[in-house]
Each structure stands twice: as structure tokens, then as C-alpha cells.
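Start at 1 and go down the list; that is how both ligands and their atoms are numbered.
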Amino acid sequence: MYNSSHDFTFAIVKPNAVKAGNTGPILAMINKAGFEITAMRMVKLTRAQASSFYDIHRGEEFFIPLIDYMTSGPVVVMILQHQTGNSVGRFRELMGPTDPSEAPEGTIRKLFAESPRMNAIHGADSKMNAEKESNFFFSGIERFYST
Ligand code: ADP
Ligand code: MG
């Protein structure tokens, strides 16, 4: 059953990675890093959905190109739970920084990002946003919690 005290994060395999056939390798990295996938779906975002999801970046110079990119093909949305907790922080570490030229070896962005925009993966940046973003895509009945 859903319980807001549970630890989890929210992630998206972005269009360039799905298109390139890298969904499988990215999911394997996520599992190998100790995350369990507790909800997952493939979806093609509308401009309204992508704009609402990235509302915090509205007005930035990269906003319109970001919405063009995020609606350019299907994405895979998911909720992740790390077996040792701190799912948000551990997943940000596995992703690497926004600009892949700064990403360390072994991160998803080092391996699969094509540019600062087409950077293969999204991960929530706080517990509050993990909750908000998970609720944006998944209803309670689609979510389970691992103990
Ligand atoms: P992150 O995904 O690392 O949390 P942000 O939340 O700052 O990064 O930005 C959201 C997304 O917007 C990034 O993942 C990237 O796709 C795009 N983006 C951010 N900054 C830039 C930039 N300077 N140039 C191009 N795209 C950017
Ligand atoms: Mg962010």
C-alpha cells in the first residue's frame, strides 16, 4: 500500500536513449546499482504534459528546446527504490551531472548522454519532487512498495 514515508525516487529514460535502443542497458545499470523498479510505463508526452512537468524551468533559455526534445519520442517513466535508502541522492549519483562532459565514468550520462540537453535520463532532485513527479504519472493502484 502507498505510504508517503517510504523512500523512493522518480526517473525518466529520455527520448534520445529510448530511440537509440538504450532502455535495456540503462534499466540493467539501475538494477545493478541496487535499485528496484516499483512502477514503470512507456509514454509519449504531450507539450502540455512536458511543460507542466518542467514548469520550474519555464522562462529559461533552454525551456522550449527542452519541451521539443522531451516530446520528440516515447520516454520510460518509473519509480525506483534503493535497497539502502536515500534513493534520490543515490540515483542523482548514478545519473551524473546535467552536462555529460563533466560526468564521471560509470554514470548513465557518461555512457548514454549525447549533449547537455539530450542527456538520456531524468532523476528527481528532492524527496518532495520525487513524490510530486511520481504522482504526476502514476496512480496509487499502479504503485507498490518493496520492504
Ligand atoms: P537535471 O536533469 O540534471 O536535474 P536541470 O533540472 O537543471 O538538470 O534541467 C532539466 C533538463 O533541461 C536537463 O536534464 C537537460 O535536458 C535540460 N537542460 C538543462 N540545462 C541545459 C542547458 N544549459 N542546455 C541545454 N539543455 C539543458
Ligand atoms: Mg532537475
Side-chain angles (χ1 to χ4, degrees), residues 2 4-139 142-143 145:
Y2 177 69
S4 66
S5 71
H6 277 110
D7 177 77
F8 60 89
T9 191
F10 173 81
I12 304 180
V13 182
K14 293 185 175 182
N16 71 298
V18 173
K19 217 167 269 173
N22 289 325
T23 305
I26 289 172
L27 295 183
M29 277 181 83
I30 289 171
N31 281 147
K32 252 179 232 138
F35 291 92
E36 188 171 354
I37 300 167
T38 60
M40 181 162 66
R41 189 188 320 116
M42 181 175 269
V43 56
K44 188 160 185 299
L45 299 178
T46 63
R47 292 192 76 83
Q49 287 168 333
S51 302
S52 167
F53 183 80
Y54 277 121
D55 191 57
I56 192 153
H57 295 305
R58 211 182 283 269
E60 306 263 16
E61 74 288 352
F62 62 81
F63 182 73
I64 298 293
L66 174 63
I67 301 311
D68 291 341
Y69 164 54
M70 289 301 291
T71 56
S72 67
V75 298
V76 177
V77 297
M78 63 192 126
I79 301 176
L80 305 173
Q81 232 182 294
H82 198 275
Q83 57 209 10
T84 63
N86 186 20
S87 297
V88 168
R90 287 184 201 286
F91 193 71
R92 293 291 302 191
E93 215 170 287
L94 179 63
M95 283 166 52
T98 312
D99 182 346
S101 70
E102 295 165 7
E105 293 297 333
T107 61
I108 294 173
R109 282 171 167 168
K110 174 74 180 183
L111 282 167
F112 300 112
E114 294 170 40
S115 70
R117 175 173 309 114
M118 295 166 67
N119 57 8
I121 191 87
H122 165 84
D125 62 6
S126 65
K127 280 192 86 148
M128 193 186 80
N129 284 335
E131 176 74 36
K132 213 167 119 184
E133 293 172 8
S134 297
N135 288 336
F136 188 84
F137 285 104
F138 296 101
S139 68
E142 295 173 289
R143 300 167 60 166
Y145 287 86

Checklist entry - Can you check side-chain hydrogen bond (donor to acceptor under 3.5 Å, both in side chains) on Glu142 and Ser139, steps first, answer last? => result CA-CA 6 Å; Glu142 295 173 289; Ser139 68; 3.2 Å; yes
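- Listed by chain and residue number, nothing satisfies the salt bridge (charged side-chain N to carboxylate O under 4.0 Å, His left out) test with Asp99 (two or more places apart in sequence, or in another chain).
- For ligand 1, the protein residues within 4.0 angstrom (heavy atoms only) are Lys14, Tyr54, His57, Phe62, Leu66, Arg92, Thr98, Arg109, Pro116, Arg117, Asn119.
- Not a single salt bridge (charged side-chain N to carboxylate O under 4.0 Å, His left out) links Arg117 to another residue, sequence neighbours left out.
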Checklist entry - Taking it one step at a time, do Asn135 and Arg143 satisfy side-chain hydrogen bond (donor to acceptor under 3.5 Å, both in side chains)? => result CA-CA 10 Å; Asn135 288 336; Arg143 300 167 60 166; 2.8 Å; yes
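- Judged as a ring-ring contact (aromatic ring centres under 6.0 Å, His included), the pairs with a partner in residues 84-120 (not counting sequence neighbours) are, in order, Phe35-Phe91.
- When ring centroids are compared, Phe137 and Phe10 come within the 6.0 Å threshold.
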